[in-house]
Amino acid sequence: MGFLRKIRRLFNNNSVVDVSTLREQLSGRSRRSVFRDLSGIKHLASFTHSGKYLTLPSIAQFDPHGLWFVGNVGFSRYGTLKETIIRAIQEADAGHTYGELEKMFRVRSVHHTVLNLVKSKQISREVIGDRNVYVYLSSDRKQARRQLQNRLSFYKSEGVGKT
């Protein structure tokens with residue numbers, strides 16, 4: 001049986017497979033060979049666990065943010081955590097705070113990723129008044145202004161702190 005057929009059969013029996021199991025099922029092939037074999041199949045690597053887990057796009061059941069979790073393993077319609085954070089911020093009506101991003105992505109820390117995205121100007125950030133809360137916003141100035149205004153309006157309507 002060919003490697004591609006074995007890989008497909010493995011995914012038919014398991015919605016998520018870790019790379020070591022895949023290697024084991026493919027007669028101990030090297031990691032490099034397994035990924036070369038996978039190049040013949042459209043697949044997704046987890047944005048959690050350093051891409052250790054794999055699934056097929058046809059299996060994933062994405063939520064409105066383009067995320068799908070199986071236990072604590074997360075997959076994104078957009079690929080990497082970095083691309084998914086950019087997309088989530090671009091599409092948000094009022095940007096996102098650090099806490100909101102951690103909760104959404106279920107990862108321990110998005111700090112380095114968002115900091116690098118700000119430094120590379122792929123997203124922007126603003127501090128909300130004397131709350132000392134950063135809100136991560138679109139890199140597009142017009143959109144970022146709208147997002148910030150929406151965030152400030154939300155805080156005012158909820159009576160949350162001073163802004």
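All values derive from a computational prediction rather than experimental measurement.
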Task: SB check R151 E100 (cutoff 4.0 Å) - done: yes
Task: Lys/Arg-Asp/Glu bridge criterion (N-O < 4.0 Å) met for R87, E83 - done: no
Open item on the list: Both conditions, 6.0 Å and 45 degrees, for the charged tip of R125 above the ring of Y134: are they met here?
Closed with: yes
Treating [X] as the side-chain partner and [Y] as the backbone partner, does any N or O pair qualify as donor plus acceptor under 3.5 Å?
X    : Y    : value
T84  : T80  : yes
S138 : A144 : no
Q143 : Q90  : yes

Open item on the list: Between N72 and R106, is the side-chain contact (heavy atoms from CB on, under 4.5 Å) condition met? List the steps.
Closed with: CA-CA 7 Å; N72 64 353; R106 302 183 196 176; over 6 Å; no
Open item on the list: Could you tell me if R36 and S33 have a donor-acceptor pair between their side chains, going purely by distance under 3.5 Å?
Closed with: yes
TODO: Verify whether one side chain among Q122 and S139 offers a donor that lies under 3.5 Å from an acceptor in the other.
DONE: no
Are [X] and [Y] linked, directly or through other ILVMFWY residues, by side chains that come within less than 4.5 angstrom of each other?
X    : Y    : value
V107 : L115 : no
Y78  : V70  : no
V73  : F62  : yes

Task: side-chain hydrogen bond (donor to acceptor under 3.5 Å, both in side chains) partners for S20, two or more places apart - done: D18
Task: Aromatic ring proximity, centroids under 6.0 angstrom, W68 and F75 - done: yes
At what distance, to the nearest 0.5 angstrom, does [atom1] of [X] lie from [atom2] of [Y]?
X    : Y    : atom1 : atom2 : result
L10  : E24  : CG    : CD    : 10.0 Å
S120 : K82  : OG    : NZ    : 6.0 Å
I85  : L101 : CD1   : CG    : 6.0 Å

- [ ] Take I128 and L148 through the test side-chain contact (heavy atoms from CB on, under 4.5 Å) and record every step on the way to the result.
- [x] CA-CA 9 Å; I128 300 290; L148 185 58; 3.6 Å; yes
Open item on the list: Is there a side-chain contact between L26 and I7 in this structure, where contact means two heavy atoms from C-beta onward sitting under 4.5 Å apart?
Closed with: yes
Open item on the list: So R141 and R145, do their side chains get closer than 4.5 Å, heavy atoms only?
Closed with: yes
TODO: Indicate the ring-plane relationship of H43 and F35, choosing parallel, tilted or perpendicular according to the 30° and 60° boundaries.
DONE: tilted
Task: Heavy-atom closest contact (R77 atom, D63 atom, distance) - done: NH1-O, 4.3 Å
Task: Q147 vs D93, side-chain contact (heavy atoms from CB on, under 4.5 Å): CA-CA, chis, key distance, verdict - done: CA-CA 5 Å; Q147 289 174 319; D93 289 335; over 6 Å; no
- [ ] Evaluate the side-chain contact (heavy atoms from CB on, under 4.5 Å) criterion for residues M104 and H65: first the C-alpha distance (whole Å), next the side-chain angles of each, then the deciding distance (0.1 Å), finally the verdict.
- [x] CA-CA 9 Å; M104 180 187 301; H65 298 290; 3.9 Å; yes
All N/O donor-acceptor pairs, side-chain side in residues 47-61, below 3.5 Å, sequence neighbours left out:
residue, atom, partner, partner atom, Å
T48, OG1, G74, N, 2.9
T55, OG1, S15, O, 2.5

TODO: Can you spot which of T97, V110, I123 makes a side-chain contact (heavy atoms from CB on, under 4.5 Å) with Y136?
DONE: I123
